[in-house]
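Below is the structure I would like to discuss, written out as structure tokens.
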Number of protein chains: 2
Amino acid sequence: MTTLKQVADRAGVSSATVSKVLSNTPYVSADTRARVLKAVEELGYVPNLAARALARGRTYNIGVIFPLIYTSIFTDPQTLSILEGVETVINERGYNILITTPKMPVQQSDQYRRLVQSRYCDGLILLENLPDELMSSFVASHNYPFVAIGYQSLEDKSNTIRIDDYHGAYQAAKHLADLGHRNIGIIAVGPVSMFSISERLRGYRDALASAGIDFDRLPVACGSFSIESGAQALRQLLKADPRPTAVLCVTDLMSLGAINAAKSAGLNVPRDLSIVGFDDIPLAIHIDPPLTTVRQPSRQLGETAANLLLDILEKKQTTFDPVVLPTQLILRGSTAPVRSA
Amino acid sequence: MTTLKQVADRAGVSSATVSKVLSNTPYVSADTRARVLKAVEELGYVPNLAARALARGRTYNIGVIFPLIYTSIFTDPQTLSILEGVETVINERGYNILITTPKMPVQQSDQYRRLVQSRYCDGLILLENLPDELMSSFVASHNYPFVAIGYQSLEDKSNTIRIDDYHGAYQAAKHLADLGHRNIGIIAVGPVSMFSISERLRGYRDALASAGIDFDRLPVACGSFSIESGAQALRQLLKADPRPTAVLCVTDLMSLGAINAAKSAGLNVPRDLSIVGFDDIPLAIHIDPPLTTVRQPSRQLGETAANLLLDILEKKQTTFDPVVLPTQLILRGSTAPVRSA
DNA sequence: AAACAATAGTTAAGCGCTTTACGGTTAGTA
DNA sequence: TACTAACCGTAAAGCGCTTAACTATTGTTT
């Protein structure tokens, strides 16, 4: 392994000078600079990042902590889009990305604690969606720079970025109400409580209330994010009396299961049953019927989070006010007006 | 931030002793050990990993390099499963995982070179699937420990692990031939050439040859991994004369598109057209009709790769012979006997 | 021509940890 | 009892890099 010293010897300068050249510090003559760069080239020198990290007090690592809830984050399209956005920005801006997916309870995860306490990263991006598993306060108490994606309950709620779950859900529910549906089944997630899901449910509730529908009298079934669990939930909802004419589903993946189950039960979607999802996963447009759903800018969420964190680290700003990205109702073929009985 | 020195002072010993305690070196009295651990506890001490890395010459980072081909790796279910397997093992065994998805051409990617040359990781896991973008030789030339997932062209082909694309494809094609299909369309991927895809095509070719079918006279269309591209490819195949009665598709995602397109064209799958995929993505069982496909143990691929790499790093072994994991044909509803005209 | 500023490069002190070499004890053995 | 061997703990060097502090040179200003 070539070291700074070897480059310095070859270029006939001190190692401090080489360091200066490599970090673009001013006050190095063009001639020296050239000699140094030549030596670097010839020796194929690349700085030892561990040494640099120690000396500079910065690792150029960004930690990404995405707790796994029901399933691996690697099977959840939304989380992946976020991750994709994060990865792009972090790498473009010259940092490394270090991923951890601790199991619950997060606080007891070795990985998690190791990462936070060893300060092996310059900053952290947290997926903060579980009221019982909040990381921000712990991380903040270590004076660790971070950005939380989701909801968090620090006093000031700063450094948080999320999508507008509430209004997205509101629109979805309003859409069904506008189509004349009154008897609407809900597919939620349980028993683990998640901020985003609660907000979506709150959106449904308020929208339906505006249409004179009492959310609390509606049939509710809980899934666990998977397609299959959505199918099961729908089967359960179909037992309700009177049978729902529409279903609000808090995630797209479960909507797929619901549509399958509805078809298997001999129902035509949307004629007999309208279904609306949430997320707008890439697949949503390819299923039959194409899914009416709420689009959320997941990739942008990741990009923004990463950019904000790096801006903070690079002192371009200190903290930032909560950012809320808008959602959008996408009308496709899985919803239709209620048929008069 | 608490340092070793502070712990040492509090425990009334030298920092060397603290270091010994923390690394379980023998010859420390139970009493001293207890005092040290107490001080560690009280101060909430956690070692600075950058300093440790510098002193030990090991970072406990494992780099994962998955080049992005047509799309982000974050949208490819197979890659994700591999990643999931890798992540699980790496974290369980106390390492950190550092992910990079360089754009092509890989060799010119800054991220890629930075990671390889700075030796910031103890070892690398490479997704090696592109003949024109081979990384192993470059990495090996840096004396960097690595494991390649896929196909690579180092002389000895050691330290490679992959699935049995050839036999999986062979079985898929044989299945169609056994059902009486003679006129079979192929949905491949192009124009970028990939080892795994070539092997699958070779499997098709040999199986069909055994059944007396000349692969070269079969209609072929190329997609680009996405669902939509699969749909387009199928539309193209349907123009062939005579129209194929079955389609072999090199990936499941494109099979989904193909099924959709077939339906849109008024064809019944499998009655009018049999379709068989490759991968067995989670969704395969949930579509209509459920997809006949070839299952590959992607997660296990990732786990094995990670375990082998760590074994090498921990000197449990040096190199290993190529590992080939078996594939399995999964019969579902998208294939049926050919109808006599 | 004196005073100062800007430029170019060096020295040396760390960053926080690991580890070798070594001194001092204590126990075991002949 | 003397000698070895196993223990326990410390001092100090060093991993490879950065960066203040410093010297020396050249250029600029009045």
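Worth saying up front: this structure is predicted, and the values here are computed from it rather than measured. Atoms considered below: every heavy atom in the structure, side chains included; atoms not considered: hydrogens, waters and symmetry mates. In the text below, chain A, chain B and the rest are named by the order of the sequence lines, each starting its count at 1.
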As a test of reading the structure: which of C/dT18, D/dT10, C/dT10 is closest to the side chain of A/Thr17, going by heavy atoms? C/dT10
Atom CE of A/Met1 and atom C1' of D/dC15: how far apart are they, to the nearest Å? 10 Å
Just to be sure I understand the rule, does A/Pro26 reach a base, reach only the sugar-phosphate, or reach nothing, if contact means heavy atoms closer than 4.0 Å?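 No contact.
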Is B/Glu314 salt-bridged to B/Arg93, going by a charged N under 4.0 Å from an acidic O? yes
Using whole Å, what does the distance between atom C1' of nucleotide D/dT19 and atom CG of A/Leu54 come to?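 Rounded to whole Å, this separation is 13 Å.
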If we only count heavy atoms from C-beta on, is the B/Ile312 to B/Thr318 side-chain gap below 4.5 Å?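 B/Ile312 does not reach B/Thr318 side chain to side chain.
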Take the protein atom CZ of B/Arg52 and the nucleotide atom P of D/dC17, then report the distance between them rounded to whole Å.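 For the pair B/Arg52 CZ and D/dC17 P, the rounded distance is 21 Å.
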With a 4.5 Å heavy-atom cut-off, do A/Ile65 and A/Pro102 have their side chains touching?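 SC-SC contact between A/Ile65 and A/Pro102 confirmed.
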Rounded to whole Å, please give me the gap between CG in B/Leu4 and C1' in C/dT19. 13 Å
Closest to the side chain of A/Ala55, out of C/dG14, C/dT18, D/dG9, is C/dG14
Pairwise 5' ranking along DNA chain D for B/Lys20 and A/Arg56, keeping only the more 5' one: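 Closer to the 5' end of DNA chain D: B/Lys20.
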Counting just side-chain N and O atoms, does B/Ser29 come under 4.0 Å of either OP1 or OP2 of D/dG9?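 Yes, because at least one side-chain N or O of B/Ser29 sits under 4.0 Å from OP1 or OP2 of D/dG9.
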Just the rounded figure in Å: distance from C1' of D/dC17 to CD of A/Gln6. 14 Å
To the nearest angstrom, how far is A/Asp31 atom CG from C/dT7 atom C1'?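 So the CG-C1' distance, A/Asp31 to C/dT7, works out to 14 Å.
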For C/dG16 and B/Thr3 - does any side-chain N or O of the residue sit under 4.0 Å from the phosphate oxygens OP1/OP2? no
Is there a side-chain contact between A/Leu22 and A/Tyr45 (heavy atoms, below 4.5 Å)? yes
Decide yes or no for A/Ile62 and A/Leu124: does some side-chain heavy atom of the first lie under 4.5 Å from some side-chain heavy atom of the second? no
Side chain of A/Ala16: nearest nucleotide among D/dC17, C/dT19, C/dA12?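 So the side chain of A/Ala16 is nearest to C/dA12.
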May I ask you to verify if any side-chain N or O of B/Tyr27 is less than 4.0 angstrom from the OP1 or OP2 atom of D/dC8? no
When the distance from NZ of A/Lys5 to C1' of D/dG14 is rounded to whole Å, what number comes out? 15 Å
Which listed nucleotide (C/dC17, D/dC8, C/dT19) is nearest to the side chain of B/Thr32? D/dC8
Nearest-Å distance for atom pair OH/C1', residues A/Tyr120 and C/dC15: 15 Å
Which residue lies toward the 5' end of DNA chain C, A/Ala30 or B/Leu22, if each is placed at its nearest nucleotide? A/Ala30
